[in-house]
Amino acid sequence: AALLEGRRQPKMEDRPLVVLADDNAAYRSMRHVLYRVARDAGCAAATVYVEVPSVEDALRRNAARTGKDRVPDASIRRMAAQLEPPPDSAAAAASSSSWERHAATIRNATCSRNAAVDEAWPPESAIR
């Protein structure tokens, strides 16, 4: 909340503060708003883009979800049609969207979401 209010709080208890905005931010303009908020607060900003191999793959993965975790198929199709992925780093450096030069794309068609998350952030039982 402090970041959104424009107050700079780069450290919390002598540790760097990291703020993650978990959002699909389908349009570059949406990501630019997040970038400007971070910049105005004196913080660094980067985009992590998780690429899905195809709309069909996204629909298949979504079909395995249950309850509130399941997204309407029409929403997935609409988001796929609207998506403006960040440019690769070479294109960003040469474009007017150079604010997106700190974008990383994760391309891994064979990795499930849970496996990727577990690799980056092991479950508590694996940390003990």
To the nearest 0.5 angstrom, please state how far the [atom1] atom of [X] sits from the [atom2] atom of [Y].
X     : Y     : atom1 : atom2 : value
Thr66 : Arg70 : OG1   : CZ    : 9.5 Å
Tyr35 : Asp40 : OH    : CG    : 9.0 Å
Trp99 : Thr47 : CH2   : OG1   : 6.0 Å
Leu83 : Asn24 : CG    : CG    : 8.0 Å

Practice prompt. Find out if a path of hydrophobic residues (ILVMFWY) with successive side-chain heavy-atom gaps under 4.5 Å connects Met79 to Val52.
Written response: no
Taking all heavy atoms of [X] and all of [Y], pick out the closest pair and write down the distance.
X     : Y     : result
Val71 : Ile76 : CG1-CG1, 4.0 Å
Ala38 : Ala44 : CB-O, 4.0 Å
Arg31 : Pro86 : NH2-N, 3.6 Å

Worksheet entry | Flag for His32-Arg28: side-chain donor and acceptor within less than 3.5 Å | no
Worksheet item: Side-chain contact, heavy-atom cut-off 4.5 Å: Arg77 with Val55?
Response: yes
